[in-house]
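Below is one structure, written out as structure tokens; the observations come after it.
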Amino acid sequence: MEKSGEYEAVIGLEVHIQMNTLSKAFCSDDASYGGDPNTHVSAISLAHPGTLPRPNRQHVEKAVKLGLALGCDINPLSYYDRKHYFYADLPKGFQTTQDGSPICLGGTFTVTTKAGERKIRIHHIHMEEDAGKSIHDPDSQGSLLDFNRAGVPLLEMVTEPDFRSSEEVYQFITELRQLVQYLDVSDGNMEEGSLRCDCNISVRPQGFDGLNPRCEVKNINSARYARKAVDYEIKRQIRKLRQGHTVAQQTREFIPDQGITKLLRDKEDAHDYRYLPEPDIPPIEMTESTIERIRRELPMLPHDYRSLFETKYDISPYDSNIITEVKSRAAYFKQLLESMNDVPSRSLSKLYINKILPYLDENGIEAHTFPLSVTHLEHFLQLIENNEVSSSIAYQKLWPALLDSPQDVRQLMDKLNLGQTSDQDLILQIAREVIDQHPEQVTKYMRGKKGVSKFFMGQVMKKSRGKANPQMANEVVLNILEELANHK
Ligand code: ADP
Ligand code: MG
């Protein structure tokens, strides 16, 4: 909780999710991001007179998919409305959206914060379309317009004012991004604006149940910015209240390079959108059987993977969080877990996080094209498990060699002479040498500084270039030292 003394923050989000459908919301124009300006536009995107919209099945089904994943009620009959405002990037003079009867109602999204799990209630999710883009090019006179984005399908998710801190907001956006990627409803690419949110923020005295007037910070396209904007607003509003002022209801914008919010407009300038039912699109009907089909098709979600990894395979929550960041990586890890028998799952997760994931990042490849086979990985981990190679040598030397030229792991280990030695005579010889070379340390040991044995142990490992079986080395060192102590 954002406890700035006697005040608490109250925050609600409106999140716009740009969907990854092939075509636009109301016509067959290409909906993909980018492209040369005004190449994804037909007469319908440009709202020429006489053109008519046609709803997009993928838009509707993906909305339902997200709704079902969040436990929303699916509206059996939802309608489109027209929301009027005048802006150059809005060719029709209105946005086609859902006002009175959104496709998804209710639901909750549980996010994980440092303080534990927080349930955020969803008010509703509705379908709508994006506007075009104005480009304010300093080299040309006036502004330029690109209508490629006009009509691209969006979902707007509106939450209840259930957030109490910027950390919760940050987690929500981060986890929502992950969820839409798992569900394949959006690419979740924040840089390209696939997830943009308006943060509504107010503060109130602790213990007060009512809602104070809020400020809405518009159009934030990163979880980090949302956190900063919320923090700034909370401080600003608390300062106002402390000074005996009230907080005016306002629309504000976030200025990233200064980390502040700035006034855009007051409540008095609020739009009158003149909502009207959209007469050109019939009601969207969702039958029970379609809803059930979509429900059956829901994939495993981040939290399903996490609970599988944590409960069945005893992976730590910290590790399973990292592993489930990206769906294909979670799926690949699951596949590895399921195909390995004699390897502890925690040593697999250690290898996955420390070696495999960084390799994927560095080489920009997908998990399923990782160059080593399950057998390679299994044998690699078994050699460590059976103390045939020390874990550090395996990670530092055997692993890069194996990646360099994938082959039988044991043969490679032998070829490179990396195997751990349990040759007692050899270890004994090394230990004697080391102890002979450091009489002053031996004296310390005899005076009762037993910890010195660790120093010798380290020397033996070093001299054997990490190959001595550590347990054996430890025993041998202690034996010699004790013997010396007894014969002094
Ligand atoms: P509007 O219709 O004016 O956009 P809504 O009631 O739909 O207002 O709320 C929009 C968003 O603002 C929701 O996410 C809601 O949770 C949030 N919200 C509403 N009132 C407050 C408040 N007093 N403080 C913080 N957030 C609020
Ligand atoms: Mg609103």
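When a ligand or atom number is given, it counts from 1 through the structure's own listing order.
With ligand atoms numbered from 1 in the order given, ligand 1 contributes 22 (C), 23 (N), 24 (N), 25 (C) to contacts under 4.0 Å with heavy atoms of Ser202. Distances below 4.0 Å separate heavy atoms of Val158 from the following atoms of ligand 1: 13 (C), 14 (O). Less than 4.0 angstrom separates some heavy atom of Pro161 from each of these atoms of ligand 1: 16 (O), 26 (N), 27 (C).
Checked against the 6.0 Å centroid threshold, Phe163 and Tyr170 do not count as a close aromatic pair.
No N or O atom of Ile11 sits closer than 3.5 Å to an N or O atom of ligand 1.
For the residues Ile120, Val15, Thr159, Val10, the heavy atom positioned nearest atom 25 (C) of ligand 1 is part of Val10. By heavy-atom distance, the residue among Arg121, Arg214, Glu14 lying nearest atom 6 (O) of ligand 1 is Arg214.
Residue-level proximity to ligand 1 for Leu13 is carried by the backbone, the only part with a heavy atom below 4.0 angstrom. For Glu160, every heavy-atom contact with ligand 1 shorter than 4.0 Å involves the backbone, none the side chain. Neither the backbone nor the side chain of Asp162 has a heavy atom within less than 4.0 Å of ligand 1.
One distance of note links CZ of Arg54 with CD1 of Ile44; it measures 7.0 Å at 0.5 Å rounding.
For Asp231 and Ser166, the side-chain atoms include at least one donor-acceptor pair closer than 3.5 Å. With hydrogens and angles left out, the side-chain atoms of Ser373 and His376 include a donor and acceptor closer than 3.5 Å.
A donor-acceptor pair is defined here as one N or O able to donate and one able to accept, closer than 3.5 Å; such a pair exists between the side chain of Asn148 and the backbone of Asn38.
In summary, of the residues considered (Gln249, Glu14, Glu233), a side-chain hydrogen bond (donor to acceptor under 3.5 Å, both in side chains) with Asn200 occurs for Glu14 alone.
At least one side-chain heavy atom of Ile294 sits less than 4.5 Å from a side-chain heavy atom of Met286.
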